[in-house]
Amino acid sequence: MSEVNINEDLVKERKKCTFDVEELIHLVDGGKHNTLERKKVEQYVLSIKELKDDVPEEYLSHKERYENSVRKGSILFMVLMKGILERKRNKDEGISYNYKIINGVVKDVTPFMLHFGMFLPTLASQASPEQQREWLKKGSQMIGTYAQTELGHGTFLRGLETTATYDADTEEFIIHSPNLTSYKWWPGGLAQTVNHCIVMAQLYIKGKNHGIHPFLVQIRDIETHMPLPGIKVGDIGPKLGFQTANNGFLGFDNYRIPRMNMLMKNSQVLKDGTYVKAKNDKLTYGTMVFVRVTIVADVAYELARAATIAVRYAAVRHQSKPKPNEPEPQILDYLTQQHKLFIAVSTSHAFRIVGRWLWSTYTKPEPQILDYVTQQHKLFIAVSTSHAFRIVGRWLWSTYTKVVADIRHGNMDHLPELHALACCLKAVCSKDASVCVEQCRFACGGHGYMQSSNLPIIYGIVTATVTYEGEHTVMLLQTARYLVKAYKQASEGKSLTPTVAYMAKYLKNGSHCWQNTPEGIIGGFQAVAAGKTKEACESLFRHAHARAVLCEMFWKEIQRISSTVSPSLAIVLEQLAELYLKYWALEKRGDMLMYSNITKEDISSLQRRYVELLALIRPNAVGIVDAFDIRDEILCSTLGAYDGRVYERLMEEAMKSPLNKEPVNQSFHKYIKPLLIQAKL
Ligand SMILES: CCCCCCCCCCCCCCCCCCCCCC(=O)SCCNC(=O)CCNC(=O)[C@H](O)C(C)(C)COP(=O)(O)OP(=O)(O)OC[C@H]1O[C@@H](n2cnc3c(N)ncnc32)[C@H](O)[C@@H]1OP(=O)(O)O
Ligand SMILES: Cc1cc2nc3c(=O)[nH]c(=O)nc-3n(C[C@H](O)[C@H](O)[C@H](O)COP(=O)(O)OP(=O)(O)OC[C@H]3O[C@@H](n4cnc5c(N)ncnc54)[C@H](O)[C@@H]3O)c2cc1C
């Protein structure tokens with residue numbers, strides 16, 4: 001883009017940058033090759049004319065929005081089948097480029113998301129090799145979703161009520177919803193989009209319950225798309241976000257499916273009804289672990305979008321004037337004289353001085369809001385958090401792929417640790433990302449509240465991750481369960497898995513000896529986690545382990561990466577990571593006081609360094625978010641576009657309102673005019 005069309009503040013900001021933005025772009029993408037591939041796919045997809053909207057989605061009805069989203073999703077589906085979009089997820093971090101482009105094209109959530117995000121992964125991981133050959137073959141007509149949650153139960157899976165009863169005479173399962181609360185409720189794409197589902201149901205054989213198992217169930221006719229007899233399916237209605245995800249409900253009336261439609265990789269039901277138990281019954285929950293792992297990198301990306309919008313806007317937006325210098329008072333000899341004679345002179349001086357100050361203030365440019373320390377405090381933590389989650393998300397993905405490979409070879413030893421890690425990181429990252437996105441919205445003032453800023457939509461997407469795939473508190477409690485066990489093992493002198501090995505150290509050393517260094521802060525969080533775990537045997541504790549893992553992995557990875565990049569970029573990366581650690585050490589200073597020997601002076605020094613870091617990051621702020629390299633078509637924001645033409649775009653978008661198409665709306669004649677006539681009488 002030529003600099004002529006770019007807002008002059010942004011031009012200046014980009015000139016100030018002390019590092020090579022291109023180098024950081026490659027780092028974020030995981031290598032130059034990935035950047036080039038991403039740009040190629042983006043260029044291809046974003047130039048498809050049919051993917052552009054005539055009218056902004058927000059002006060469409062619930063039904064029209066769904067139809068428009070299916071239209072665009074189908075085009076993307078076709079592109080995917082042509083092999084242009086990568087089918088596989090990015091091997092380094094589990095987040096695929098496809099998903100990032102979809103964010104821009106569909107703006108909200110595509111009703112096909114669950115097909116790619118959970119339906120296919122469940123078939124790939126829980127169907128037997130023969131079933132996979134049958135179901136995942138080319139030309140398959142299946143579009144699917146993952147139907148687990150019910151009206152009555154989402155968290156407590158053992159409480160699910162849908163039944164799958166085996167009938168050995170016909171070699172079929174009878175899927176049934178015994179009551180209203182057993183209706184499936186929430187699955188994305190379920191309402192009008194999919195023709196198949198993975199249904200999680202209680203398996204009954206000869207009256208005995210064997211717990212929940214996955215079944216492949218066709219719910220609509222492939223040709224006509226009509227719901228099949230025995231199926232009741234529909235849309236659950238508007239939500240806070242996910243408006244185009246087509247979340248649905250589903251009930252079964254003694255609906256029969258063949259025996260081979262139970263996913264049989266882990267447990268099996270033989271023809272005569274013999275039940276073969278899985279090596280570990282928690283393997284049934286495998287798809288949830290997979291999605292929880294990917295959520296960390298997913299929210300990092302959403303946060304990158306929000307931070308890009310808010311930081312660029314803060315560089316363009318000017319607001320408020322500096323404080324005046326107070327005029328000097330005049331001193332007179334006699335108070336009475338002063339009162340009688342010189343009041344006019346004094347008033348004249350005062351007015352002249354104040355007038356001069358007022359004029360200079362009037363002509364002085366207003367500061368960019370990004371120069372306010374309070375604004376930097378709101379925004380820079382969002383930027384550094386996005387980097388932390390991306391880096392830790394990548395590490396978590398590689399841990400996941402190693403554990404899954406072990407499981408394939410029959411070794412389940414690391415599954416509990418992976419489950420505990422996925423639960424706590426999913427919980428903390430989804431919650432922190434939601435808070436940061438909302439903070440970005442606050443940081444944009446009134447304009448951030450506009451749909452056209454895209455911040456409300458991003459918030460709707462991110463805040464859903466706090467609930468779906470395992471509700472926040474419930475996930476933390478799962479980790480708590482693991483930590484309590486680890487702590488008991490440590491007290492018995494047994495060896496511990498790597499991510500909780502610190503427990504043994506703090507059991508031995510007691511309180512943590514505080515240091516204001518990154519390593520000191522990481523040790524502080526580990527001491528807090530160990531200390532709270534000790535207390536947890538009697539009471540409840542929360543995020544500490546996840547925070548220790550996030551700080552440790554982020555800092556270690558940044559140290560490693562810094563030695564591989566240019567010195568100017570290494571400085572910026574270390575500043576971002578240090579900011580993240582200092583921010584959380586300050587946020588959690590109460591905990592640190594409890595579980596380490598941190599002093600008031602340490603806290604003051606942390607605070608001073610934190611403010612110093614804000615100032616150090618400030619000149620590079622725009623360059624850092626430019627390096628997220630999110631195209632305008634994917635940001636979808638009037639406030640965050642690369643050129644910074646904020647006010648022009650706000651007005652252009654406002655003019656798209658159907659209400660602005662006519663000077664007088666018909667409601668005037670129908671309602672307001674009669675009201676005015678009545679008022680006259
Ligand atoms: C368009 C075009 C195309 C282009 C291309 C398009 C490309 C698109 C690309 C795609 C991008 C899309 C992105 C993704 C999208 C996803 C969206 C997702 C949406 C949302 C989906 C959902 O929302 S879907 C439902 C999730 N619903 C839950 O999440 C329920 C939580 N509820 C539980 O998860 C359990 O209920 C709960 C609490 C553990 C207790 O389970 P429970 O009662 O059975 O178990 P207990 O508590 O008794 O625990 C007994 C022992 O099991 C251990 N354990 C428990 N779980 C374990 C586990 N998983 N693994 C190992 N071990 C486990 C535990 O640690 C205990 O171990 P121990 O005994 O040794 O201590
Ligand atoms: C946008 C969106 C998309 C979704 N997509 C799908 C999908 O595709 N497929 C699907 O199957 N499901 C889907 N879900 C459902 C989702 O997985 C569940 O909503 C989620 O697992 C939480 O369960 P719940 O709604 O039953 O909440 P509840 O468990 O009823 O939670 C309510 C409150 O109770 C608390 N609570 C519950 N149990 C405990 C406990 N043991 N200890 C302490 N506190 C507890 C929770 O912390 C929470 O505060 C989706 C949900 C959303 C919001």
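Values below: all heavy atoms of this structure, side chains included; hydrogens, waters and symmetry mates excluded. Order of appearance sets the numbers: ligands from 1, and atoms from 1 within every ligand.
Comparing heavy-atom distances from atom 34 (O) of ligand 1 across Glu417, Arg292, His419, Met475 singles out Arg292 as nearest. The residue among Met412, Lys426, Lys282 with a heavy atom at the shortest distance from atom 53 (C) of ligand 1 is Lys282. The residue among Tyr285, Phe156, Tyr468, Phe290 with a heavy atom at the shortest distance from atom 59 (N) of ligand 1 is Tyr285. The heavy atom nearest to atom 31 (C) of ligand 1, out of those in Thr155, Thr287, Thr479, Val45, is found in Thr155. Of the listed residues (Met288, Met113, Lys72, Gln478), the one carrying the non-hydrogen atom nearest atom 64 (C) of ligand 1 is Gln478.
Short contacts between ligand 1 and Val289, defined as distances under 4.0 Å to a heavy atom of the residue, involve ligand atoms 59 (N), 60 (N). Near Ile102, meaning under 4.0 Å from any of its heavy atoms, are these atoms of ligand 1: 4 (C), 5 (C), 6 (C). Ligand 1 places these atoms under 4.0 Å from at least one heavy atom of Thr110: 1 (C). Shown in contact with Gln148 at under 4.0 Å from a heavy atom are these atoms of ligand 1, numbered in order with element: 25 (C), 26 (C), 27 (N), 28 (C), 30 (C). Listed by number with element, the atoms of ligand 1 under 4.0 Å from a non-hydrogen atom of Phe77 are 2 (C). Applying the 4.0 Å criterion to heavy atoms of Phe112 picks out, from ligand 1, the atoms 1 (C). Atom numbering of ligand 1 starts at 1 in the shown order; those under 4.0 Å from a heavy atom of Leu76 are 2 (C). Numbered from 1 in the order shown, with element, the atoms of ligand 1 that lie under 4.0 Å from a heavy atom of Gly154 read 30 (C).
Within 4.0 Å of ligand 2, protein heavy atoms belong to Leu114, Tyr146, Gln148, Thr149, Gly154, Thr155, Trp186, Pro187, Gly188, Phe242, Asn247, Ala464, Thr467, Tyr468, Glu469, Gly470, Glu471, Thr473, Val474, Leu477, listed by chain and number.
For an aromatic pair to be called close, the ring centres must be under 6.0 Å apart, and Tyr487 with Tyr482 fails this. The aromatic ring centres of Tyr204 and His213 sit 6.0 Å or more apart. When ring centroids are compared, Phe119 and Phe112 stay outside the 6.0 Å threshold.
Looking at Asp108, its side chain does come within 3.5 Å of a backbone N or O of Gln243 through a donor-acceptor pair. Of the possible donor and acceptor atoms, one in the side chain of His409 sits under 3.5 Å from a partner among the backbone N and O of Ala405. With hydrogens and angles ignored, the 3.5 Å screen pairs no side-chain donor or acceptor of Asp53 with any backbone N or O of Val55. Side chain of Gln268 to main chain of Met264: a donor-acceptor pair is present (N/O by atom type, distance under 3.5 Å, no hydrogens or angles). Thr463 contributes no side-chain N or O that, together with a main-chain N or O of Ser434, makes up a donor-acceptor pair within less than 3.5 Å.
Here Asp298 has side-chain heavy atoms under 4.0 Å from ligand 1, and that is the only part of it that gets that close. Here Leu157 has heavy atoms under 4.0 Å from ligand 1 in both its backbone and its side chain. Of all the heavy atoms of Val79, none lies under 4.0 Å from any atom of ligand 1, so neither backbone nor side chain is involved.
Not counting sequence neighbours, His196 has no partner by the side-chain hydrogen bond (donor to acceptor under 3.5 Å, both in side chains) test.
Distances between N or O atoms of Gly470 and those of ligand 1 include at least one value under 3.5 Å. Residue-to-ligand polar distances keep Thr149 apart from ligand 1: every N/O pair is separated by 3.5 Å or more. The shortest N/O to N/O separation between Arg481 and ligand 1 falls below 3.5 Å.
In this structure, CD in Gln126 is found 6.0 Å from OG1 in Thr284, a value given to the nearest 0.5 Å. Note that OG1 of Thr399 is 13.5 Å distant from CZ of Arg394, once rounded to the nearest 0.5 Å. Between the CG atom of Leu283 and the CG atom of Asn266 there is a distance of 4.5 Å, given to the nearest 0.5 Å.
Checked for salt-bridge contact, Arg38 and Asp29 meet the test: a charged N lies under 4.0 Å from a carboxylate O.
Checked against Phe173 for a ring-ring contact (aromatic ring centres under 6.0 Å, His included), the options Tyr166, Phe252, Tyr255 give a single hit: Tyr166. Lys184 pairs with exactly one of Leu160, Thr145, Val233 by the side chain to side chain contact (heavy atoms under 4.5 Å, CB included) rule, that one being Leu160. For the side chain to side chain contact (heavy atoms under 4.5 Å, CB included) criterion with Ile102, the lone passing option out of Thr110, Val109, Val45 is Thr110.
The shortest heavy-atom distance from His115 to ligand 1 is not under 4.0 Å.
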